[in-house]
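One structure follows; several queries about it will come next.
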Amino acid sequence: MSVTEQGAERIEVPVSPQPPTKPKRAKPTPIDPGFHYHPLRKTVHVICVIVFFLLPLSNLMRIDIPRQRFYFFGYELWISEFAILFFSLMFLMFVIAAMAMLWGRVYCGYLCPQMIFSEASLTLERGLKRTVEKRLKWQPRARTFVSKTLFYLIAGAASIVLAFVFISYFVEPRDLLHRLLSFDIRTAGGIAGAATTLLTLLDFVFLRQRFCTTVCPYGYLQGMLTDDHTLLVHYRDENHECIECKKCVRVCHMDIDIRNSPYQIECVGCGECIDACNDILARLGNPGLIHYVWGERGEKLGTGDKPWYQKIGLRDGKRVVVLLVLLFYAAGLFTALSMRHAVLVQIAPVRATLYRQDKDGTVFNSFRLKLANRSHQQQTVVLAMEGLPGTHFVSFENAVVVNAGQTLERDFEIAAPPSAALAAGVNHFRLTSRVGNEREWFDETFITPFQDSQ
Ligand code: SF4
Ligand code: SF4
């Protein structure tokens, strides 16, 4: 308190200090979120669906169980050529295993039909729900009923189509269509068709991506196939820039949080969380925190000053060896396929009796010719002999016509008159088969009476 000139008392009011003004934050400048994996995945999915439909329907690939044939990119392999069939399937398995070693779960996230159709079913269900809620101003229960009914109807029709294509990998499509139209649920093919349709429906309506973590063994095999250089999806936040928006969790259709670990068995490496984080943080002017990386400590995909082969995943000697083995395997398979003869010719002696001799001294040996025409045209097989002078075929037209897809057997004899002057006992000679320009040789023996039996 103080006294004024007029003697009045003046009360001094304490002046409160000005609140400190907060420094104004600069508005973040958004940056380009960069490459998006979602459109790439969806494009690959469309291509995969086209291939999935095309392979059996155009006879490019089918293990035709009723006909016992394997159709493989223009080649028609018979069940008797099981070795080639086995090695072809093994080759596909090796390719998938090598992909897992180099690029982690890329098969699961980008190529697997189960994942593709599960995602499609989920998108369909959500899309129908949204549309019905927007268009129908009814009670929520009624709208749910309509959207669910529509979803089950469409999923049911899609399951029939998918089951049809799937079984076409094992049964000729026209034959299958005939069974379908006649509601065949008595034969093995019909029962398999009905069961596959039902399983497909249950899978895409209820199981979906749960299949990947409960039934599919491939996910569990990853642990054995991956190592420190395998491509994986990794969250890196050394500067604590995560804003906890959780968009990366919301977009994950495997229902996981990639921030917990890059080695979660559920993670299929799809990259959806990468897109989500990039989009969110780009608005704040920061790069995303989730990336494809070459191993937990490796550099990000597409970065680093590395040679091209390291950029595509060939990051150590082990991977180069795996690639070379695959190339050799593919070359061997291709050679085996290209060396196949249109007609399978087998000749074997019939040794129920060693030989037969008639009254004039002519000696006969019996042989069996087996033919299988694996081509699509009629073929003619002609035999010739080398190294058995003076002999001839008996009761044999020696121009055997075999129709496309036909198998047949012919028994024939070779006769050696006394004038042939063959050695007593075993005579080695060669039979040659000719089909068009293809020749094959068969080393055989012709047996005449032994010295002491004459
Ligand atoms: S999207 Fe990115 S910022 Fe958001 S929670 Fe996930 S990691 Fe964090
Ligand atoms: S964590 Fe990311 S990469 Fe893994 S499945 Fe989920 S969205 Fe895909």
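Start at 1 and go down the list; that is how both ligands and their atoms are numbered.
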Original post:
Salt-bridged, Glu244 to Arg259, with N to O below 4.0 Å?
Top reply: yes

**OP:** Flag the pair Glu119 and Lys42 as a salt bridge only when some basic side-chain nitrogen lies within less than 4.0 angstrom of an acidic carboxylate oxygen.
**Re:** yes

Subject >> Worked check of ring pair (Phe, Tyr, Trp, His ring centres under 6.0 Å) between Phe52 and Phe166 >> reply: CA-CA 8 Å; Phe52 175 71; Phe166 178 71; 7.3 Å; no

**OP:** Can you measure from CG (Leu231) to CH2 (Trp294) and round to the nearest 0.5 angstrom?
**Re:** 4.5 Å

Original post:
Can Glu299 and Arg315 be counted as an ion pair, charged N to O under 4.0 angstrom?
Top reply: yes

**OP:** Measure distances from atom 4 (Fe) of ligand 2 and count the protein N, O or S atoms below 2.8 Å.
**Re:** 1

Subject >> Atom pair CH2/OH of Trp103 and Tyr110 - distance to nearest 0.5 Å >> reply: 12.5 Å

**OP:** State which residue, out of His36, His253, Arg41, fulfils the side chain to side chain donor-acceptor pair (under 3.5 Å) condition with Glu272.
**Re:** Arg41

**OP:** Would you list the protein N, O or S atoms within less than 2.8 Å of atom 8 (Fe) of ligand 1, leaving out water?
**Re:** Cys242 SG

Original post:
Does the pair Arg69/Glu172 count as a salt bridge with the N-to-O cut at 4.0 Å?
Top reply: no

Subject >> Ionic contact status for Arg319 with Asp227, cut-off 4.0 Å >> reply: yes

